[in-house]
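Letters A, B, ... are given to chains in the order of the sequence lines, protein chains preceding strands, and every chain is numbered from 1.
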Amino acid sequence: MRELEAQLRAYGSVLDAAESDLNEVSEATPRRVRRGTLVALAALVVVAIVAAVAGVVATRSSSPRRPNIVSPASTTAPTNPPKPTTTSPAIPVIPAGAVMLQSSGRKIFAVGANGHALDTLVTAFAGREVTDSAFAADHETIWYATQAEDNQSCPEVVKLNLLTNVRTVVAHAEDFTLSPDGRRVLLVWPKNDAAVNANCAVTVQKQYDDALVVRDLATGAQSSLPASEFPTAGTGGPSGPVWMSPAGDRLITTQCVFDGCSTLLWTVPRNLDGPIQPSAAAGPACGCSRLLTGQGGMYAIDEGTSADPQTRLRRYDLTNLAGPGTVLVESKSVRLSTVVPTSAGLFVLGSPGGLYRVDNGLLRLIGPIDAPPQTTTFPAPTTYSPI
Amino acid sequence: MSEAGTSNEQRFARFASDVEPRLRRALVSWYGLEVGTEATADALAVAWERWSAIEPMANPVGYLFRVGQSRSRRYRRRSPVMPTVPASELPDIDPRLPGALAGLSNRQRAAVLLVHAHGWTQVEAAAALGCTVSTLRNHLERGMRGLRAVLGGDDA
């Protein structure tokens, strides 16, 4: 039996053939007119009648459905602030040789340069799945984003203090990016059904119609980008990755549609005393699925398109984020998904294979990433106190 | 028919022929063959009804996917039907694969089929399903884990 990925590729052809057969059956049956065609014809008649009789110029609402937007933490205490939950005493946490954090299900684990899982650091709350994680610059805090496995309750950005083992739900944002100095955090508002249906807000105080928020973690000052200013098709915030410059003064957002992805560059006021503004400069020309800062600049994984399935790792000088950047490695046979720029080397995750090292424009396979160890430095708290 | 009307129809026809295969793949991946095909037709009917609003959209497939989901509620009691593996594909494809796919959640199945069976990129699949790439990855990982748990595999 072939590998699962290969079986699925072959099964794609089976699906295509079955869909064609179904369409042929539908078209060969005279009485079975598609309901869609009937509705379309009826709609056409209605439109024609309305236009002819009323002669009205139809106008479209300038207020497309707006998503619920993350509300910033206020400098005043919320009426029902997040309750930190404390469990066992803290233990030194960063294993020697760790080059990255990986997550699987509820677990966040450290991985070494050989692809071996070194230690499971965190187990998230039951019923939640980790979608992103990062060490803060102080190496005392892990930030991570989770979403509910049932997709019904709000996504959360959580910070776990490694010294005190206190977890705090920071925001009901879908994702986050920390500046390298740990002073600023970028929060990305979720645009999924769960967030909208569950009426997610970052605090209980108020709704806040922002797509992106950059917050100073020391002062609480923040700048935001109103959702109405974000150029989407009424679907809310960015659908692709976001990036914040090391100084926290520039953002890149990615918006993906079927013909590919486009990026936008945004300017954040240095003192966070105004809104986030679109930049006059162009963003990267990249179908980016990952954007990360590392040694030597910004790294981007460009997935290409299904018509041109070539994945590339690009690097951009931080002084010039426009254009295609420098292609460090490209592959048609390995689909790159994550880049890990470290002082120990440049690593990427790809499928098939797992962990690769980028070496003079070539991908050197290291091996698959281990499953996370079962023991956890910080087990999940027994009580859960969401916002 | 006015010139404007004809032009509108022509633009819609081009749009429909361009979008329909991708929309159908997304909805069939989500709901299975029968419901997905019906939902695609319904979504395209709505596309024509609301053509003036949909035409300028940056991501009409993502919007119509949501429409297809909404319109498919009437069919949801049916469990997803995935085509059986034809004899010509045995033993290359595990005959249990359709059943295992049907056992996944809709989101996981859609992520797995769009990315691995149809070769879409993760950003394309995320755009179609109206979720972020990180969410898509999540469903993809869970879906593959679920399949391996049924079919056997290294991380089952």
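Put simply, of A:Ala145, A:Ala6, A:Ser104, the one with the most heavy-atom pairs under 4.5 Å next to chain B is A:Ser104. Between chain A and the residues B:Val115, B:Leu136, B:Leu90, the most heavy-atom pairs under 4.5 angstrom are made by B:Val115.
With a 4.5 Å cut-off on non-hydrogen atoms, A:Ser103 touches chain B through its backbone but not through its side chain. Both the backbone and the side chain of B:Gln122 come within contact range of chain A, with heavy atoms under 4.5 Å apart.
For the atom pair CD (A:Glu5) and CE (B:Met144), the distance works out to 4.0 Å, reported to the nearest 0.5 Å. For the atom pair A:Gln7 CD and B:Asp92 CG, the distance stands at 8.0 Å (nearest 0.5 Å). In this structure, CD1 in B:Ile93 is found 7.5 Å from OG in A:Ser13, a value given to the nearest 0.5 Å. Atom CZ of B:Arg148 is separated from atom CD of A:Glu3 by 8.0 Å, given to the nearest 0.5 angstrom.
No side-chain heavy atom of B:Thr84 sits less than 4.5 Å from a side-chain heavy atom of A:Val14. The shortest distance between side-chain heavy atoms of A:Leu4 and B:Leu97 falls below 4.5 Å. Counting heavy atoms from C-beta on, the side chains of A:Glu129 and B:Arg142 come closer than 4.5 Å. Taking 4.5 Å as the limit, every side-chain heavy atom of B:Arg137 sits out of range of all side-chain heavy atoms of A:Thr131. With contacts defined as side-chain heavy-atom distances shorter than 4.5 Å, the pair B:Leu147/A:Leu8 qualifies.
In this structure, the side chain to side chain contact (heavy atoms under 4.5 Å, CB included) partners of B:Pro98, at least two apart in sequence or on a different chain, are A:Tyr11, B:Met82, B:Val85.
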Given the rule in the side chain to side chain contact (heavy atoms under 4.5 Å, CB included) test, do B:Arg25 and A:Leu15 qualify, once you have shown the distances and angles that lead to the verdict? CA-CA 9 Å; B:Arg25 280 188 168 174; A:Leu15 271 175; over 6 Å; no
